[in-house]
K.L.:
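There's a structure below that I have some questions on.
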Amino acid sequence: MLGCKYRTVKWLSSAKLAGWINNVRAGSFSCQGNHIKVSSKLVAFNTEQAGGGMLGLSSVKPGSDGKWTVTQISCHADVVTDLDFSPFDDRLLATCSADETMKLWRVCDPEQEQPSEAELTLSPGQGRLELVLFHPTSSGLLALGANKCPLIWDTSRQDAPLAVLEQHGDQLQSLSWKQDGSLLASSCKDKMLRVFDPRAQLTPVQSFQNNKDSRVLWAKDDHLLTTGFDMMRSREVRLWDHRKLNSSVGSVSLGTSSLGHLQPAVFCIIFLTLLCPHTQGDTGIDCFEVTAHEPFLSQVSHCMTDTSTRGVAMVPKLALDVMSCEVVRVLQLTDSCIVPISYQVPRKQSGQEFHADLYPDTVGTTPAMSAEEWWKGGNKQVERVSLHPDKQPKPKAASQAPAKRDLPSGGSKEESTRGCSTSSSPLSTASSSAAPSRSPSTTSGLSSGFLPSPSPSQSIKTLHNLMGPSSKFRHIQGAVMHKDTHITNLRGLNLTTPGECDGFCANARRVAVPLAIAGGQIAVFELSQPGKLPDTALPTIQNSVNVADFCWDPFDTHRLAVAGDDAKIRLWQVPEGGLTETLTEPELIVQGHTEKIYSIKFHPLASDLLVSSSYDLTVRLWDLEKGEQVKVLTGHQDQVFGMAWSPDGKLLATVCKDGKVRIYDPRKSAEPVQEGPGPEGHRGARVVWVCDGKYLLVSGFDSRSERELYLFSAESLSSGTIAVAPADVSPSTLIPFYDPDTSVVILTGKGDTRVYIFEIMPEAPYFLECSSFNSPEPHKGLAFLPKTECSVREVEVARALMLSKTSIEPVAFTVPRVKKEFFQDDVYPDTAVWWEPALTASAWLSGSNGQHRRISLKPKDMTPVSEAPKEAPVRKYLPSAVYLEEKTDEQKKEELLSAMVAKLGNLDDPLPQDSFEGVDDDEWVSEVLDFPVFLSSLVNFLK
C-alpha cells in the first residue's frame, strides 16, 4: 500500500489543545449550511437561542487576560441556515436564513456592542435560503443557494441577481467556488454533481451522477472532492476531474455511520483535506493528502475527539502559529464549548526558526477585482503573501468602526460611519483558558486529548453536587405526548402578541389562541377534541380591537377575560362543548383605564376579582360581579412588566421598567408597602411568588441584556437580591410557572427551544438547576394545566401545552422512579384545589381572607412509597477482600483445572462414539482380508 509521503516526515504531529472557548450553547438545526465559520480574528456559530435566529460570536485568540468573551447577535427571524466570513474582511459576516433573507453584518470584537441592524439585507424571493458563499477573488460577490436554485449576486446591485442558474431537481446541499473564481460547483439531493461557468451560461458545463447526500469542494486545480454515501450506505470520499465527470479518479471508503454525512474542508499548504462530521454525535476527523496522481487520496491521520461534534471550521492560515510549526488548526463546535485542535509538525528548531518548506506563500486579503470586473470577464488573482512573521503587514490600530473594505458603497442602507456603537445583547461571560488537565490521548492518529478546565460556575456546581444539597427533581424529563393528543393544522396564529402577554392560555378543558386576523379574533379549542383542524374558517371570539392580554377565569372554565388596545376589558362566556359560532357580544365590558392595558390577572382565591395594569401607569382592581372598578394603585414611574398575587391573596407584587420591584397591600393603601431595586435591563420582566410567599422570583435582564433570575425576600425588598441565577442571551423574556407543591419553577420564552427547570429552596444555594427540556423546533410558549391532569402512575409532576406555528402539543414532565407501582408521596403532597374559589370578591374587599382546601392525588389502588415493604439489601458484588486476596500458584492451577473440567462436562456421561452403530462381522472379515493387498500396492507406489 502506498502511504502518504508526509506520514513519517512532516506530519508526525499530535492534536494539541490551545484553549477551550466555554459558555457556548450550540444549536443544531435542520439545514444544509455550516454551523461554525472562522476568520483570522473572529469565530461565529449557531446557537439555540431565539429559535436559531441568533449567532454566537467569539475571538480566535483570547483577550489580554487570557480569557475568551462570548457574545451573541440577533440576526434573523428564523433559523440561520448558513454563514460565511469575507476572505477580504475579517469582520464582514454573511448570513442566510429560513426567513428567506441574506444579510451582511459588520461585527465587532466580542467585548464591544454588536450592531443591531445589518449593513445589507437581500430578499431574493426564492423561498428559504440554505447556502451563502463569498467569491474567492472578487469583493462584494456572493453565491446564494435557495431551495433548488443557485444565485450569483453583486451586493452593490440590490435589485436583482447577476445570474439565476438552472434549477436543480431537488434541494441544494452545497456550493463551492474554484480557487481562481471562474467556476462554481454544486451538489444536490437529486445525486447530481454540477459545474457551472456563470459568466458563460446558466446551465451546467458538466454534470454527472454522484453519491447520495453529497457535499462538494474544489480541491487543487481541476479537481473536485465530494463526500457522501455509496450504495451500501458507507461514507465515501471521491476525487473528480471536472473536465471529465463520467467517473471519479479516486475514492476512499470510511465505513458506515448512521450519524450523517461528512463535511470536507481544505487546507492548501500541501493540500491537506479534513473530513469532518457534519451532524451531531460523531467524534472522528480524518485528514487526507490529495494529489493529482496515484494514490490520489492518502490518509494522514484519524483524529478521535473527546466530545461529539456539532460542526467544524478551519482557521485561516494567516492566524496560525507558524513559529510552532502549526500547519492546520480546526475549531470543533460541541454542545457547550469550542475546542481548538492543532496539527503541528515536529521540528528540532520549532519555536525558534521559520520553516519555509512548510509555509509557501498563501492567498492574501486584498481582493483582485470588483464584482463588476469579474462579471465582465476579469480573471485577476489575489496577490499572495508570505507567512513569515517579519514579512506580514503590521496590524492597524483598533478602531471602533472598522473600515468597510469588502462592502461596496452602494450595498448599505445605513451610513458607512455607523460602526459598532449600536445597541445589542452581548453575553460577556469570560471562559477559562487554563492549561490542559490530562495527558494526550493514546488513540491512533491525532486527538485533542484534553478535557477543559472547569469554569468557576462549573466548579461551584460540582461542589454543590458533592457536598451540598441536590434536587430530587434534577433528572426531571420532559417529553411531547403521543400525536393522538395533538391539535394540528393551526393556521393564521398571531405570533406578535405584546411582551407582557403569555401568548396563549389554557385551563383543564380548553385552550385560547390569538389569531392574526383583523378585529382581535381569538380561537378556542376543546382539549377533549384533539386532531387535525379543518381547512375551513373556524368560529372565533371577535373583540373588534387588537388583543393586548387574555386569561381564563380560574374558577369558571367557560369564562375568558380579554384586554384590548381600547383600554377596555371584555368578559366572554364560551358555551358548553366549545364554540359553534362566532361570538361578537361579550358578557361584560369594564372600562376605567385612560390608555392601553398591559396585562390582566384574576385573584387566586376570590371569585370575580380582576387586576389590570395600563400605559396610564396605574394598576386597577375590578369587581366583576358588580362590573365596576374598586381600587386604583399608583407609584409606578414607567411600564409595568408583570404582576403576581401572593399565595394567600393578600398582597400584589409588580416589576416595572423603572427598575423597581414593588409590593402592594391593595386593601390598605394605594401606594406600595415595599419597594426595592429590580432588574437593570429594560427589555421585560416577570414576577412570581415562591416558597410559600416568603420570596419573590423575578425573571429579567441585566445591564448587558443577559437573561437572569433574581430572588428577593418578600420581607425586605429594599435589601436587594439574595441570589441570582444566570440563564442565557435571548430577546424574549423568560415566562415562569411555579408549582408550589414541588417548589419547582419552569421557565421558557417565546421563540425559545429550551425550557429551564429549577428547584427553589428557602436557603442557600436557593437555585438547584435540574435537567432542561428542549423542543424540536421553536415554540411560542407553554400553558400549564391543573395538577389533577398529571398521571401520578407515571410520576408526572407537571403537564403543559406547547404552542408551535401549526400545532398545540401536550408536554409531560416526569420524575424517573424505580418503584412506579407505588404512589410517590414525597413528590405528591396534598395539592390545593385552586380551581374553586375560597371567598367572593365582596368578602375579600371587606377584609376577609380564605384558603383553598387540599386534596390527595393518590389513587385508591396505590400504596404510598413511604409505606412500601422494606427489602433486604442484596450485595451486588463480592467483598473487595475476595478480589484482593493473594493466591498461591497451586490455588491458581487448581482453579484452572476445575474450569477446564467444567468445560469438558461430566466424566460419567457417555461419549458420542458410544452411540455409533458397528459393522457386521462379514464386512469386518472382508476388510481384514483386503488389507494385505492394500499394503502391497502402497509399497509398490512408494518404490
K.L.:
Kindly compute the distance separating CZ (R238) from OG1 (T227), expressed to the nearest 0.5 Å.
P.N.:
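Spacing of CZ (R238) from OG1 (T227) equals 11.5 Å.
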K.L.:
Does the pair K41/D90 count as a salt bridge with the N-to-O cut at 4.0 Å?
P.N.:
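Looking at D90 together with K41, the answer is yes, because their closest N to O distance falls below 4.0 Å.
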K.L.:
Just by modelled atom types, is the G33 backbone N or O under 3.5 Å from a matching donor or acceptor in the T81 side chain?
P.N.:
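Such a contact is absent between T81 side chain and G33 backbone.
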K.L.:
Please confirm whether F504 and H779 have ring centers closer than 6.0 angstrom.
P.N.:
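So the answer is no for these two rings.
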K.L.:
Could you tell me whether E373 atom CD has more than 12 heavy atoms of other residues or ligands within 6.0 Å of it?
P.N.:
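Yes.
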K.L.:
Of all heavy-atom pairs between C108 and R91, which one has the smallest distance, and what is that distance?
P.N.:
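Shortest heavy-atom separation between C108 and R91 comes out as C-NH1, 3.7 Å.
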K.L.:
If we ignore hydrogens and angles and just use 3.5 Å, is the side chain of D154 paired with the main-chain N or O of A371 as donor and acceptor?
P.N.:
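Such a contact is absent between D154 side chain and A371 backbone.
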K.L.:
Judged by atom type as modelled, is there a donor-acceptor pair below 3.5 Å linking the side chain of N34 to the main-chain atoms of G311?
P.N.:
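Here the side-chain-to-backbone pair does not exist.
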K.L.:
Can you tell me if W374 and T137 form a side-chain donor-acceptor pair at under 3.5 Å?
P.N.:
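Looking only at side-chain atoms, T137 and W374 do not form any donor-acceptor pair under 3.5 Å.
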K.L.:
Taking all non-hydrogen atoms of both residues into account, name the closest pair between A77 and D99 and its distance.
P.N.:
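Heavy-atom minimum between the residues: N-OD2, 3.2 Å.
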K.L.:
Taking all non-hydrogen atoms of both residues, which atom of F88 and which atom of T366 are closest, and how far apart?
P.N.:
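Distance-wise, the nearest heavy atoms are CD2-C, 3.9 Å.
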K.L.:
I need the W240 CH2 to L224 CG distance, nearest 0.5 Å.
P.N.:
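Those atoms lie 9.5 Å apart.
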K.L.:
Would you name the heavy atoms of H223 and W218 that are closest together and state the gap between them?
P.N.:
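Shortest heavy-atom separation between H223 and W218 comes out as O-CE3, 3.5 Å.
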K.L.:
List the atom of W105, the atom of P115, and the distance in Å for their closest heavy-atom pair.
P.N.:
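The pair with the smallest heavy-atom distance is CZ3-O, 4.0 Å.
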K.L.:
So D190 and R194, salt bridge (Lys or Arg N to Asp or Glu O under 4.0 Å) or not? Walk me through it.
P.N.:
CA-CA 11 Å; D190 62 7; R194 296 172 174 87; 2.8 Å; yes
K.L.:
Return yes if a side-chain donor-acceptor contact under 3.5 Å exists between T203 and Q201, otherwise no.
P.N.:
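Judged by distance alone, the side chains do pair up.
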K.L.:
Roughly how far apart are K805 NZ and L493 CG, rounded to 0.5 Å?
P.N.:
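Reported value, rounded in 0.5 Å steps: 10.5 Å.
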K.L.:
Apply the test side chain to side chain contact (heavy atoms under 4.5 Å, CB included) to residues L142 and F134: give CA-CA distance (whole Å), side-chain angles for both, the deciding distance (0.1 Å), then the verdict.
P.N.:
CA-CA 5 Å; L142 289 164; F134 276 101; 3.5 Å; yes
K.L.:
Looking at M54 and T47, what are the two nearest heavy atoms and their distance?
P.N.:
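That would be O-OG1, 3.0 Å.
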